[in-house]
Number of protein chains: 2
Amino acid sequence: MRAERKRSALEDADPAAPLRLGGLENHLGYFLRRLQVWAFRDFIATLSDMHVRPAQYSVLLVIAANPGQSQSAIGRTLNIERARLARMLHELEDRRWISRRASGRDARSHALVLTAEGEKALAKITALAQKHEARLAEYIGRKRWAELMKSLRDFG
Amino acid sequence: MRAERKRSALEDADPAAPLRLGGLENHLGYFLRRLQVWAFRDFIATLSDMHVRPAQYSVLLVIAANPGQSQSAIGRTLNIERARLARMLHELEDRRWISRRASGRDARSHALVLTAEGEKALAKITALAQKHEARLAEYIGRKRWAELMKSLRDFG
DNA sequence: TATTGTTATACTCTATAACTATA
DNA sequence: TATAGTTATAGAGTATAACAATA
């Protein structure tokens, strides 16, 4: 028998190769999760100098696009629980990137805005985030990136 | 002036409506994350009777598809850190769904297999997981489901 | 020396509940 | 009564480091 004979599946295995996924192959959630984890890791690594995490970044962008809105409106938009958002906003306030102003209409709520320092930080952050996005597009291929973006954005 | 006059963007806002996403619109990771979170929540809710989380389910499926493999091989396949996987496997062992056998080849590693009880549980779990998947497909539309699945699976 | 599995710690994020102050 | 925001706690997942046993 030749050295390159047909070997059984067990013998055949490259010890470092990934295994069969089995039924997981039929679950979209698994594949979504896998790519999302890659993307978030790359995002965090790319923005490590600024110490900004994806959730913080999303909050900064939504405040920038909707100045003066309340915490509950931000949380509703991004699906962030109000308790979690309250703590995150305190951190961003400690960093002098946002400020809470009294809302004219409702004494219970705050009007959130970026500070001048926050605007400056966001400019740097956005530049790094673009680099991350370019890396993601390269990782999965520009065509696939565009397909996924269209499919997911059209839905959302 | 009429009551239905053209109002400014600020006045116009439905107080419960989501805000503008701003720069977030250009980030695939955000949209991936949003759908993935929906999917995992639905998965957890659908399988709440079995108390199985997505990561546990993925481990059970990969063991079922690759009986006798080691923890490191499972972890490598699913991108689960070995420390995390060790604890998860102890939980699954406590539930009598998997067992660790001595590996013939390497005394350091375990050969993981489903128990008979584990096979039975996985049958129930898989049936529920199908219901979840059907719900996900309905949520985003069957066409979009197929597009995303193709795009993501081809890549992986 | 490197790898397999284990234990432990710290941090992020999610999920709740309880509380206050307003509406 | 309901809503906005706050504080606290518990659980899951991620990231590390250190360790024993084995390769």
Side-chain angles (χ1 to χ4, degrees), chain A residues 15-16 29-30 33-34 36-45 47-48 51-59 63 68-94 98-112, chain B residues 15-16 29-30 33-34 36-45 47-48 51-59 63 68-94 98-112:
Chain A
Y30 169 70
R33 172 74 177 165
R34 225 166 55 160
Q36 178 263 308
V37 165
W38 190 96
F40 273 35
R41 278 193 191 142
D42 185 79
F43 183 95
I44 292 165
L47 283 92
S48 61
H51 295 284
V52 175
R53 323 236 342 149
Q56 295 173 315
Y57 175 62
S58 69
V59 166
I63 292 174
Q69 290 288 339
S70 68
Q71 296 185 195
S72 64
I74 307 283
R76 203 160 38 236
T77 302
L78 290 171
N79 212 356
I80 298 174
E81 224 281 319
R82 63 192 173 144
R84 168 93 192 102
L85 186 58
R87 272 171 314 193
M88 196 191 297
L89 291 172
H90 284 133
E91 290 166 19
L92 295 175
E93 206 173 17
D94 288 346
I98 65 159
S99 75
R100 294 164 150 92
R101 294 186 183 155
S103 165
R105 303 184 192 165
D106 187 334
R108 293 171 303 180
S109 68
H110 302 149
L112 301 171
Chain B
Y30 169 71
R33 172 74 178 164
R34 225 166 55 160
Q36 179 262 308
V37 166
W38 189 96
F40 273 35
R41 278 194 189 140
D42 185 78
F43 183 95
I44 292 165
L47 282 93
S48 61
H51 294 283
V52 175
R53 322 235 345 146
Q56 295 173 314
Y57 176 61
S58 70
V59 167
I63 292 175
Q69 290 287 340
S70 69
Q71 295 184 195
S72 64
I74 306 284
R76 203 160 39 237
T77 303
L78 290 171
N79 213 355
I80 299 175
E81 225 281 319
R82 62 194 172 140
R84 167 90 193 106
L85 185 59
R87 272 172 314 195
M88 196 191 298
L89 290 172
H90 283 134
E91 290 166 20
L92 295 175
E93 208 173 14
D94 288 347
I98 65 159
S99 75
R100 293 163 150 92
R101 295 187 182 154
S103 164
R105 304 183 191 165
D106 187 334
R108 292 171 304 180
S109 68
H110 301 148
L112 301 171

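Here is the naming used below: chain letters follow the sequence lines, and residue numbers restart at 1 for every chain. These numbers come from a predicted model, not from an experiment.
With sequence neighbours excluded, the residues satisfying side chain to side chain contact (heavy atoms under 4.5 Å, CB included) with A:Glu91 are A:Gln56. The side-chain hydrogen bond (donor to acceptor under 3.5 Å, both in side chains) check on B:Thr77 picks up nothing, with sequence neighbours excluded. With sequence neighbours left out, B:Ser70 forms a side-chain hydrogen bond (donor to acceptor under 3.5 Å, both in side chains) with B:Ser72. Residues passing the side chain to side chain contact (heavy atoms under 4.5 Å, CB included) test with A:Glu81 are A:Ala83, A:Arg84, sequence neighbours excluded. Every residue two or more places apart in sequence or in another chain was checked for a ring-ring contact (aromatic ring centres under 6.0 Å, His included) with B:Tyr30, and none qualifies. Judged as a salt bridge (charged side-chain N to carboxylate O under 4.0 Å, His left out), and not counting sequence neighbours, the contacts of A:Arg108 are A:Asp106. In this view, A:Arg100 and A:Glu93 satisfy the salt bridge (charged side-chain N to carboxylate O under 4.0 Å, His left out) rule, not counting sequence neighbours.
Pairing each heavy atom of A:Gly29 with each of B:Ala39, the nearest pair is CA-CB, 4.4 Å. Between B:Gly75 and B:Leu85, the closest heavy-atom pair is N-CD2, 3.6 Å.
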| note | Once base and sugar-phosphate atoms are separated, protein heavy atoms under 4.0 Å mark nucleotides 8-16 of chain D, 5' to 3', with B, S and - as BB--SSBSB
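A:Ile74 has its side chain within reach of A:Ile63: a pair of non-hydrogen atoms, C-beta onward, lies under 4.5 Å apart.
Put simply, A:Ser70 has no side-chain N or O that comes within less than 4.0 Å of OP1 or OP2 on D:dA4. Dashed line: the shortest gap from a side-chain N or O of A:His90 to OP1 or OP2 of D:dT6 is under 4.0 Å.
With a cutoff of under 4.0 Å to any heavy atom of chain A, the contacted region of DNA chain C is bounded 5' to 3' by C:dT12 to C:dA23.
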Interface polar pairs with nucleotides 21-23 of chain D, N/O, under 3.5 angstrom:
unit_1 : atom_1 : unit_2   : atom_2 : d
D:dA23 : OP1    : B:Ala107 : N      : 3.0

